[in-house]
Amino acid sequence: MAAAGEQPPQAGGVKRRGKAQYVQAKRARRGGGGGGGPRQLEPGLQGILITCNMNERKCVEEAYSLLNEYGDALYGPEKFVDKDKQPSGSEEEEEDDAEAALKKEVSEIQASTELRLRRFQSLESGANNVVFIRTLGIEPEKLVHHILKDMYTTKKKKTRVILRMLPISGTCKAFLEDMKKYAETFLEPWFKAPNKGTFQIIYKARNNSHMSREEVIKELAGIVGCLNPENKVDLSNPQYTVVVEIIKAVCCLSVVKDYMLFRKYNLQEVVKSNKEGSQPNPGQDAQVRNGNKMASEFGNTDKEDLKSDDSAEEKNNPQVMVEGSKEKTQVESEKGAKSENGSQVMEGSKSNESDLVLEEN
């Protein structure tokens, strides 16, 4: 029986290929976006970063349903190119062996998907309980803000496993020099004179140990200050929130509005009643604007807003917890150090939550 099992490869010689290669080709054809596009999060993309509650497959399903619903409403139904119009390739070539057939199939898959790239495409994010949905022909900030505004107004809960949904306007390599160079151009539409606004910076890193939170915050705040000295830090009710999300060697950046009003873009929290949701909206509380009282209120907000998010994320991504706890003493020791633009770095109330903000002196 062993000889019978080995006979097919011997008959085909070295041209016989294993089943695994065909499985990979099938996945490339079926994998929701195809071989023509990226398969994982990388520099040069736009999209939506979504955290979920330990069920990534269900999260992707909910994300597609939600994004298609609101995407069709904002941009119209998605249009596709007829598959029959794809380049046929070299059909006259003789397929003498499985390797040639496999190469041809992969090339046809690539040609096909380049013509029919989807509006929304799930990619490997590189972190547990995190899904990245690449977008094409879509403004991520506009779409996500529209979704949250509608859910905040109607209080209709439309997801079960999705926690936070953050638009990502651009990605670059997660190295300080690359981030500085990229941010100098990226931040211009919001902060370069004559444009100006109040802002805060939120930072989180996953599966990354070589980046310094303090350095990133300091450099980005310095860039915002250089673009226009009238840009000011405001923790209570900022016009803009600069979101920095680092996963492995990729840095995701975005600038969002109503971050505090929409409960840090948490879909589970934003649909709660006004009585439950009024506390995390510092813009409606005049006391929050007063020095230390503002900092303590913001710390309490962190605990409530990210309770559901952190419990799932930290349970399944222990590296985030380790990084946060390691840096706690470092941040506390540097709490009095001032950055270039006269702002001071402050850590949130949870040591394992990497969200950082800038507090105005």
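In this structure, the side chains of Lys248 and Asn208 stay at 4.5 Å or more apart for every pair of heavy atoms. Looking at heavy atoms from C-beta onward, Leu123 lies in side-chain contact with Leu45 at the 4.5 angstrom threshold. Met54 has its side chain within reach of Asn129: a pair of non-hydrogen atoms, C-beta onward, lies under 4.5 Å apart. In this structure the side chain of Phe199 never reaches within 4.5 angstrom of the side chain of Gln239, judged on heavy atoms. A heavy-atom distance below 4.5 Å is not found between the side chains of Tyr240 and Val256. By the 4.5 Å heavy-atom criterion applied to side chains, Thr135 and Leu67 are not counted as neighbours. In this structure, Ile246 and Met179 have side chains that are in contact, with non-hydrogen atoms separated by less than 4.5 Å.
For the pair Thr51 (side chain) and Leu163 (backbone), a donor-acceptor distance under 3.5 Å is absent. A donor-acceptor distance shorter than 3.5 angstrom exists from the side chain of Gln268 to the backbone of Ile162, with no hydrogens or angles considered. A donor-acceptor pair under 3.5 Å is absent between the side-chain atoms of Lys192 and the main chain of Val224, judged by distance alone. In this structure, the side chain of Asn231 engages the main chain of Gly197 through a donor-acceptor pair within 3.5 Å. Side-chain N or O atoms of Thr241 include none that pairs as donor or acceptor with a backbone N or O of Tyr259 at under 3.5 Å. Formation of a donor-acceptor pair under 3.5 Å by the Thr171 side chain with backbone atoms of Cys252 is not found in this model.
Ser122 approaches Val131 most closely through the heavy-atom pair OG-CG1, 4.1 Å.
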Donor-acceptor contacts under 3.5 Å from residues 141-150 side chains, at least two apart:
unit_1, atom_1, unit_2, atom_2, d
Glu141, OE2, Ser169, OG, 2.1
His145, NE2, Asp258, OD2, 2.8
Asp150, OD2, Tyr70, OH, 2.6

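Under a 4.0 Å N-O distance rule, the pair Glu215/Lys218 does not qualify as a salt bridge. Look at Arg160 and Glu62 and you find no salt bridge, because none of the NZ, NE, NH1 or NH2 atoms lies under 4.0 Å from a carboxylate O.
Residue Lys58 places its NZ atom among 12 or fewer non-hydrogen atoms of other residues, nucleotides or ligands, all under 6.0 Å distant. Around CD of Glu124, the count of heavy atoms belonging to other residues, nucleotides or ligands within 6.0 Å does not exceed 12.
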List the steps and the verdict of side-chain contact (heavy atoms from CB on, under 4.5 Å) for Met165 and Thr159. CA-CA 11 Å; Met165 181 175 281; Thr159 63; over 6 Å; no
Carefully, step by step, assess Ile168 and Phe132 under the rule side-chain contact (heavy atoms from CB on, under 4.5 Å). CA-CA 9 Å; Ile168 301 300; Phe132 186 83; 4.0 Å; yes
May I have the step-by-step check of side-chain contact (heavy atoms from CB on, under 4.5 Å) for Asn266 and Arg164, ending in yes or no? CA-CA 4 Å; Asn266 188 316; Arg164 301 175 73 193; 4.1 Å; yes
Could you please spell out the steps behind the side-chain contact (heavy atoms from CB on, under 4.5 Å) verdict for Asn228 and Phe191? CA-CA 6 Å; Asn228 189 341; Phe191 300 111; 5.7 Å; no
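To the nearest 0.5 Å, the span separating CG on Asn55 from CZ on Arg57 amounts to 8.5 Å.
Ring geometry for Tyr182 versus Phe186: interplanar angle under 30°, hence parallel rather than tilted (30 to 60°).
Val161 and Met151 fall into different hydrophobic clusters, defined by Ile, Leu, Val, Met, Phe, Trp and Tyr side-chain heavy atoms under 4.5 Å apart, directly or through other members. Phe175 and Leu41 end up in different hydrophobic clusters when Ile, Leu, Val, Met, Phe, Trp and Tyr side chains are linked at under 4.5 Å.
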